[in-house]
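Quick note on labels: first sequence line is chain A, next is B, and so on, each numbered from 1.
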Amino acid sequence: MRIHDTLTRKTVELVPRELGKISMYVCGVTPYASAHIGHARTAVAYDLLKRYLQHAGYVVTHVSNYTDIDDKIIRRAQEQGVTPLELSARYIGEYLEDMAALNVLSPDITPRVSESIQDIIELIGRITTNGYAYVSSDGVYFSVRKFGRYGRLSGRSVDEMRSGARVEVNEAKEDPLDFALWKFAKPGEISWDSPWGKGRPGWHIECSAMSLRHLGAGFDIHGGGEDLIFPHHENEIAQSEAALEGQQFVRYWVHSGMVNMGAEKMSKSLGNVMTVRELLEQYPGQVVRLYLLQTSYNKPLKFSISGFGQSFTNYERMAEFEVFLQGLTEEPHGSVKAEFESTCSSFLGEFDASLADNLNTSRALAAVYEFMTRVRRTASERSLGGSEASRVLEVFRSTLWVLGLDQTSDYMKHKSSLLAGKRHALVAVAAEVEAAVDDSRSASDLLDAIIMKRQIVREAGQYDIADQIRERLRGVGIALEDGIDGVRYRIRG
RNA sequence: GGCGGCAUAGCCAAGUGGUAAGGCAAGGGUCUGCAAAACCCUCAUACCCCGGUUCGAAUCCGGGUGCUGCCUCCA
């Protein structure tokens, strides 16, 4: 496949370090608050990359960390009267629930900073031994000017940045661009022993330590949101390659685009966030995921709530398509016609080609929609055989898996939970139309009874009454559809 | 101030030299007792503006305009 590499600023063929295997490290979250849609976007992007690579036959090792020790966590924990690790553990738990709802597969390894201190200390030791670091009054610092390639990833020069003067003023640093590898503990702060004194890791060093620990030098893909390019990933390269003495740290740098809220970037520090939890109250996780997949992973995405409505409609279309096929596969018969098989195989080819093209999900989704239309068209021209439906289902589901949109059962769950919320209204409707059912039954039973009542009057030719019942249900947000194979319903509002 | 990115229909969005994918919305039709669903048709002479290169440009070059990211914690 081809992937956009930030370092070379080119979309290039992905050639793994080891044939048939991909090693991938993705910068995870700092768990001090609920995850927002931007975090979800990044997680979904790399989950898609992993799924596609697995689909393409690679054995993927996916590592994603939790930065569970950091200034913000420490401050928040103090405010709330809990320990930093209690606070981060709570938000890690929340994050896992959110990601599960989005059908994000668990990374193979999820290291935490608090559990990687020895690796971090060893790495700082190597950097120090190689002469790239110095001990100052409040910590151990990396000496940026000693690393000649500094600035290559983010496309800036050390001189430009010095004159930029927006760097933190800190007397303890020899140069304003230097960054902390190890911060000495202030009284009462969480800390670990080290050869330089009690303290904790600086930001940046943990990702180098954890990625090298689990994947080794020269691993394939290092990913994260594009806001991490500078300084986080720039610093990771500097300190890692300083420690590795000439060996390459990472083969390909991949960055996912930001989610903007209105005009601005969504960010915890700006306070303009839409959390994943808030969205999940309104939409199934699969709808949120589909919304995120509509746009290329590396372009900015402007958050808009109306977009979720569009995604819901599309997701419903996919789920209903699957229901339609399942109905046909119950009686397997006939063979798959050659022309029909070519519809399936050309879809698979286009789908693969789309994702191989730097994960072009817009194009891949277009292929999915077209495939659904083609199959439906065939079904409207002649009857589809059960074997054909099985073949379509197999093809369709395999592509949905790659996109992570295979949880079509979420649609049914969402539908029944919305229906359950209408029980009270349905009691009233049932009484009005004199459906034979008692008030204590479930929403689903009440609806069935109302539908049965309507079928009776329909069969009697009393269409005006049947239409009144349908209208009445529509009034409570339930739309009936009379099909050849029975009555179906959809929840509309 | 420095370094990037983006600008395609009412909305979302692909497309990096060969004459505008796909979805949502909208309108018309087939089917249906009626409706819905499904299917069919229609829906940007046109890709922010102005120049240039080319037989040919949304795509390349130059100049504008607008929005935006990073340079400070950030997915």
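Remark: P of A38(B) and CD of E381(A) are 16 Å apart, rounded to the nearest angstrom. L102(A) has its CG atom 16 Å from the P atom of A75(B), to the nearest Å. In this structure, the OH atom of Y297(A) is 13 Å from the P atom of A14(B), given to the nearest Å. N298(A) places its CG atom 14 Å from the C1' atom of A75(B), with the value rounded to the nearest Å. In this structure, the CG atom of L359(A) is 13 Å from the P atom of A14(B), given to the nearest Å. Computed from coordinates, the N235(A) CG to C71(B) C1' distance equals 12 Å when rounded to whole Å. Between Y25(A) atom OH and A75(B) atom C1' the separation is 13 Å, expressed in whole Å. Following rounding to the nearest Å, Y463(A) (OH) and C34(B) (P) show an atom-to-atom distance of 9 Å.
Distance check on atom P: G64(B) versus G69(B) gives 22 Å, rounded to whole Å. A distance of about 14 Å separates the C1' atoms of A58(B) and C49(B), rounded to the whole Å. If you take atom C1' in G52(B) and the same atom in C71(B), they sit 34 Å apart, rounded to whole Å. With both ends at atom P, the span from G28(B) to A75(B) equals 50 Å, rounded to whole Å. Here, G66(B) and U30(B) have their C1' atoms 46 Å apart, quoted to the whole Å. Here the separation of G33(B) from C43(B), taken at their C1' atoms, is 32 Å to the nearest Å. For G23(B) and A14(B), the P atoms lie 15 Å apart once the distance is rounded to whole Å. Comparing U72(B) with C67(B), their P atoms are spaced 24 Å from each other, to the whole Å.
Below the 3.5 angstrom threshold, one finds a donor paired with an acceptor across the side chain of D482(A) and the base of C34(B). At a cut-off of 3.5 angstrom, counting only N and O atoms as typed in the model, there is a donor on one side and an acceptor on the other between the side-chain of R470(A) and the base of C34(B). For N360(A) against G15(B), no side-chain N or O and base N or O form a donor-acceptor pair under 3.5 Å.
Comparing A35(B), G69(B), C34(B) by their closest approach to the side chain of R474(A) singles out A35(B). Taking every side-chain heavy atom of T313(A) into account, A25(B) is the closest of C40(B), A75(B), A25(B). Proximity note for R458(A) (side chain, C-beta onward) versus C39(B), G33(B), A21(B): the nearest is G33(B). When distances run from any side-chain atom of S380(A) to the nucleotides C71(B), G69(B), C39(B), the shortest one goes to C39(B). Nearest nucleotide to the side chain of R454(A), out of A35(B), A75(B), G33(B): G33(B). Each of A37(B), G22(B), A75(B) was ranked by its minimum atom distance to the side chain of E481(A); first place goes to A37(B).
R41(A) places none of its side-chain heavy atoms less than 4.5 Å from the side chain of S256(A). Under the 4.5 Å side-chain criterion, counting only non-hydrogen atoms from C-beta, L279(A) is in contact with F303(A). Contact check for P284(A) versus F312(A): side-chain heavy atoms found under the 4.5 Å cut-off.
V26(A) comes within 4.0 angstrom of nothing in the nucleic acid, heavy atoms only. Residue H36(A) is classed as a base contact, given a heavy-atom separation below 4.0 Å to a base. Contacts of I229(A) with the nucleic acid, taken as non-hydrogen atoms under 4.0 Å apart, are absent. Within 4.0 Å (heavy atoms only), T373(A) reaches sugar-phosphate atoms of the nucleic acid but no base atom. Contacts of D227(A) with the nucleic acid, taken as non-hydrogen atoms under 4.0 Å apart, include base atoms. Across all strands, G309(A) comes closer than 4.0 Å to no nucleic acid atom at all (heavy-atom distances).
Exactly one residue among I469(A), L473(A), V457(A), I465(A) makes a side chain to side chain contact (heavy atoms under 4.5 Å, CB included) with V433(A). That residue is I469(A). Applying side-chain hydrogen bond (donor to acceptor under 3.5 Å, both in side chains) to H255(A) and the options D5(A), T6(A), T42(A) leaves one that passes, T6(A). Partner of T361(A) under the side chain to side chain contact (heavy atoms under 4.5 Å, CB included) criterion, chosen from T295(A), L293(A), V368(A): L293(A). With respect to D71(A), the salt bridge (Lys or Arg N to Asp or Glu O under 4.0 Å) criterion is satisfied by exactly one of K186(A), R76(A), R200(A): R200(A). Residue V392(A) forms a side chain to side chain contact (heavy atoms under 4.5 Å, CB included) with just one option from T343(A), L328(A), T329(A), V375(A), and that option is V375(A).
The ring of Y369(A) does not lie on top of the base of G22(B); it is either too far (5.5 Å or more) or too tilted (30° or more).
Map M372(A) and Y46(A) each onto its nearest nucleotide of RNA chain B; the residue landing nearer the 5' end is M372(A). Both R490(A) and H204(A) sit near RNA chain B, but only R490(A) has its closest nucleotide nearer the 5' end.
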Letter by letter from the 5' end, nucleotides 3-13 of chain B scores (B base, S sugar-phosphate only, - none; protein heavy atoms under 4.0 Å) S-------BSS

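Pair check for U45(B) finds none; no Watson-Crick or G-U wobble contact set falls under 3.5 Å. A 3.5 Å limit on both hydrogen-bonding distances identifies no Watson-Crick or G-U partner for C31(B). Under the Watson-Crick and G-U wobble criteria, each requiring two contacts below 3.5 Å, nucleotide C60(B) is paired to G52(B). The base-pairing partner of G69(B), taking Watson-Crick or G-U wobble contacts with both distances under 3.5 Å, is C3(B). Across all strands shown, G10(B) pairs with C24(B); the Watson-Crick or G-U wobble distances both stay below 3.5 Å.
Listed by first and then second residue, the side chain to side chain donor-acceptor pair (under 3.5 Å) pairs that reach into residues 374-384 of chain A are R382(A)-E388(A), sequence neighbours excluded.
For an aromatic pair to be called close, the ring centres must be under 6.0 Å apart, and Y315(A) with F308(A) fails this.
Listed pair R317(A) / C24(B) meets the phosphate criterion, a side-chain N or O lying under 4.0 Å from OP1 or OP2.
If you take CG on D227(A) and NE2 on H232(A), they are separated by 10.0 Å, rounding to the nearest 0.5 Å.
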